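Counting from 1, the numbers follow the sequence of the chain as shown. These numbers come from a predicted model, not from an experiment. These numbers come from the heavy atoms of this one structure, side chains and all, not from hydrogens, waters or symmetry mates. Whatever order the structure lists them in is the order used to number ligands and atoms, beginning at 1.
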Amino acid sequence: MRQIWITKAGPPEVLKVKDAPDPEPEAGEVRIRVEASGVNFADILGRMGLYPDLPPLPVVPGYEVSGRVDAVGAGVANEWVGRDVLAVTRFGGYADTVCVPLNQIFVRPPGMSALEAAAIPVNYFTAWQLVVVMGGLKRNETVLIHSAGGGVGIAATQIAKHIGARVIGTASAVKHAELRAVGVDHLIDYRTEDFEARTREITHGRGVELILDAVGGESWKKGYRVLAPTGRLGMFGISAAVSGKERNILGMLALLAKTPWLQFNPLALMNANKGVFGVNLGHMWGEIDRQRQWADRLLELWAQGVVKPKIARSFRFDEAPQAHHFIQDRRNIGKVLLVP
Ligand SMILES: NC(=O)c1ccc[n+]([C@@H]2O[C@H](COP(=O)([O-])OP(=O)(O)OC[C@H]3O[C@@H](n4cnc5c(N)ncnc54)[C@H](OP(=O)(O)O)[C@@H]3O)[C@@H](O)[C@H]2O)c1
């Protein structure tokens with residue numbers, strides 16, 4: 001098999017394709033011949049040496065794949081062989097062959113392409129947990145979605161519009177026209193406009209009921225201020241830690257200095273009628289059965305045309321460095337994939 005390794009912490013060029021013997025599925029596992037692997041921002045943080053959950057380098061990153069089962073381990077029914085599936089992987093997804101436990105795979109519905117399938121797990125599970133499970137977004141509420149053009153941002157927009165909420169999105173200006181077509185009602189170019197002031201303007205001073213913020217630092221402070229009474233701030237990433245393409249300790253420290261460690265204290269939350277919560281899908285492995293229920297609902301919504309993964313671009317395995325550059329240059333509108 002072929003795998004893409006993060007050989008050491010550094011710029012995208014540290015990603016290298018290497019050959020390895022095909023893995024054999026263990027008891028309770030299936031083996032998947034991969035047709036597409038999802039690229040996530042966490043892989044970029046991992047490559048830069050900024051992701052504490054990643055096993056020690058060198059490592060094969062990757063949280064999700066789609067493909068066809070070609071072998072099963074002891075205790076798994078033979079009928080699985082030949083089925084098209086999508087799967088979550090606990091690292092190791094940047095490979096043309098993976099073995100995963102049966103409870104981490106989902107049958108790919110007929111008509112869903114391999115590219116669409118690989119774009120679903122991380123982005124849509126995260127968006128579902130943020131918008132529905134913890135954010136409790138309701139009809140006629142307003143949600144502010146940061147990085148609205150990213151994989152999670154587009155997934156969250158589709159779910160929020162289905163609920164009947166109004167969406168304000170922040171994104172680089174070149175993405176605005178396409179994001180309007182996805183359903184974002186108001187767009188803010190956060191690189192030239194102050195999102196706090198613009199959000200107040202758009203909501204006539206009221207603020208928003210839900211914010212999805214994976215930028216972190218100062219952005220969480222501003223977001224908390226712009227929550228309407230009963231508003232919830234969902235924090236799920238620290239993109240602001242990424243300033244160049246290699247680890248920048250000073251940038252990281254600056255982010256930590258701007259993080260609102262003290263603002264969200266119990267009395268402040270109570271008196272302001274505001275809520276804050278965090279999401280880390282990578283720490284939800286113990287809740288895989290609940291995620292399976294989310295997946296059932298998301299696949300139903302796919303069949304109804306509500307969930308429509310938007311593929312920004314797919315890259316061949318040997319182009320993995322370009323895939324990371326593409327995201328870090330903020331060029332993606334939607335999901336970036338690797339195809340063996
Ligand atoms: N906690 C979780 O479970 C979880 C799960 C999935 C993702 N996340 C987090 O959610 C965020 C978005 O992930 P994603 O996979 O949807 O993103 P993505 O598809 O990789 O999109 C990346 C986009 O983020 C925006 N961005 C904001 N700050 C950036 C920076 N400093 N460097 C580069 N791009 C930056 C850029 O768009 P604009 O310039 O247009 O804004 C860029 O195009 C990341 O922080 C990721 O770590 C968290």
Side-chain angles (χ1 to χ4, degrees), residues 12 38-48 50-54 61-64 88 90 118-131 133-135 144-158 169-179 182 184 187-193 195 211-220 234-248 251-252 254-255 277-285 287 291 294 309-315 323-338:
V39 178
N40 287 290
F41 207 81
D43 310 335
I44 289 171
L45 293 170
R47 193 208 74 226
M48 294 173 69
L50 291 174
Y51 201 69
D53 290 346
L54 194 70
Y63 290 106
E64 58 195 345
V88 286
R90 198 167 192 174
I120 287 182
V122 173
N123 288 168
Y124 282 87
F125 290 4
T126 306
W128 192 261
Q129 186 174 341
L130 284 161
V131 175
V133 180
M134 296 182 78
L144 169 64
I145 302 179
H146 287 282
S147 308
V152 176
I154 289 179
T157 298
Q158 292 171 354
T170 73
S172 296
V174 289
K175 303 180 184 177
H176 288 195
E178 252 186 87
L179 290 178
V182 172
V184 181
L187 278 144
I188 302 174
D189 175 8
Y190 68 101
R191 293 161 88 179
T192 57
E193 300 175 292
F195 81 79
I211 300 180
L212 311 187
D213 189 336
V215 176
E218 180 80 20
S219 184
W220 288 338
M235 296 167 288
F236 68 110
I238 48 161
S239 303
V242 177
S243 44
K245 290 186 178 162
E246 292 192 66
R247 181 163 56 178
N248 170 355
M252 191 74 194
L255 174 81
F277 64 93
V279 164
N280 186 341
L281 199 68
H283 291 189
M284 287 287 285
W285 289 100
E287 299 281 321
Q291 290 184 2
W294 306 348
K310 187 167 173 60
I311 314 299
R313 215 178 129 179
S314 56
F315 292 82
H324 278 210
H325 277 298
F326 186 66
I327 293 176
Q328 289 196 266
D329 294 338
R330 302 169 193 249
R331 290 170 60 202
N332 64 307
I333 307 182
K335 187 74 183 177
V336 174
L337 297 164
L338 294 164

Asks: Looking only at distance, does Val279 have an N or O less than 3.5 Å from an N or O of ligand 1?
Replies: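 Among all N and O atoms of Val279, at least one is under 3.5 Å from an N or O of ligand 1.
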
Asks: Considering both backbone and side-chain atoms of Arg330, is one of its nitrogen or oxygen atoms within less than 3.5 Å of a nitrogen or oxygen in ligand 1?
Replies: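 Yes, at least one N or O pair falls under 3.5 Å.
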
Asks: Can you spot which of Ile145, Asn123, Ile333, Val184 makes a side chain to side chain contact (heavy atoms under 4.5 Å, CB included) with Ile154?
Replies: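 Among Ile145, Asn123, Ile333, Val184, the one that satisfies the side chain to side chain contact (heavy atoms under 4.5 Å, CB included) with Ile154 is Ile333.
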
Asks: Using a plain distance cutoff, I'd like to know if Val152 has any nitrogen or oxygen under 3.5 Å from a nitrogen or oxygen of ligand 1.
Replies: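 Yes, at least one N or O pair falls under 3.5 Å.
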
Asks: Say whether Gly151, considering both its backbone and side-chain N or O atoms, lies within less than 3.5 Å of an N or O atom on ligand 1.
Replies: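 Indeed, backbone or side chain, Gly151 has an N or O that close.
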
Asks: Indicate yes or no: does an N/O atom of Ile238 lie under 3.5 Å from an N/O atom of ligand 1?
Replies: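 Checking ligand 1 against Ile238, no N or O pair falls under 3.5 Å apart.
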
Asks: Can you list the steps and then say if Ser147 with Tyr190 is a side-chain contact (heavy atoms from CB on, under 4.5 Å)?
Replies: CA-CA 9 Å; Ser147 308; Tyr190 68 101; over 6 Å; no

Asks: Measuring from atom OG1 of Thr157 to atom CG of Leu212, what distance do you get when rounded to the nearest 0.5 angstrom?
Replies: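 The CG atom of Leu212 is 8.5 Å from OG1 of Thr157, to the nearest 0.5 Å.
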
Asks: Using a 3.5 Å cut-off on N or O atoms only, is Phe236 in polar contact with ligand 1?
Replies: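 Between Phe236 and ligand 1, an N or O pair is found under 3.5 Å apart.
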
Asks: Would you name the heavy atoms of Val122 and Glu64 that are closest together and state the gap between them?
Replies: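 That would be N-OE1, 2.8 Å.
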
Asks: Verify the contact flag for atom 12 (C) of ligand 1, where contact means a protein heavy atom under 4.0 Å away.
Replies: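 For atom 12 (C) of ligand 1 the answer is no, since every protein heavy atom stays at 4.0 Å or beyond.
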
Asks: Checking contacts here: is it the side chain or the backbone of His146 that comes within 4.0 Å of ligand 1, counting heavy atoms only? Could be both or neither.
Replies: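 For His146, there is no contact with ligand 1 at all, from either part.
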
Asks: Where on Thr126 is there a heavy atom closer than 4.0 Å to ligand 1, on the side chain, on the backbone, on both, or on neither?
Replies: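 Near ligand 1, Thr126 shows its side chain, while the N, CA, C and O stay back.
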
Asks: Can you confirm, on distance only, whether ligand 1 has an N/O atom lying under 3.5 Å from any N/O atom belonging to Lys175?
Replies: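 Between Lys175 and ligand 1, an N or O pair is found under 3.5 Å apart.
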
Asks: Between Leu144 and Phe195, does a side-chain contact (heavy atoms from CB on, under 4.5 Å) hold up when you go through it step by step?
Replies: CA-CA 10 Å; Leu144 169 64; Phe195 81 79; 3.9 Å; yes

Asks: Do any nitrogen or oxygen atoms of Tyr190 lie less than 3.5 angstrom from nitrogen or oxygen atoms of ligand 1?
Replies: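 Yes, since at least one N or O of Tyr190 sits under 3.5 Å from an N or O of ligand 1.
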
Asks: Nearest protein heavy-atom contact for atom 47 (O) of ligand 1: which residue, which atom, what distance?
Replies: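 Residue, atom and distance for the closest contact: Phe41 CB, 3.6 Å.
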
Asks: Do Asp329 and Lys245 meet the salt-bridge criterion of a basic N to acidic O distance under 4.0 Å?
Replies: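 Yes, this pair counts.
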
Asks: Polar-atom distance check: Arg331 versus ligand 1, any N or O pair below 3.5 Å?
Replies: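 Not met; the criterion fails.
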
Asks: Could you tell me whether Leu281 and ligand 1 have an N or O pair separated by under 3.5 Å?
Replies: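 Indeed, backbone or side chain, Leu281 has an N or O that close.
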
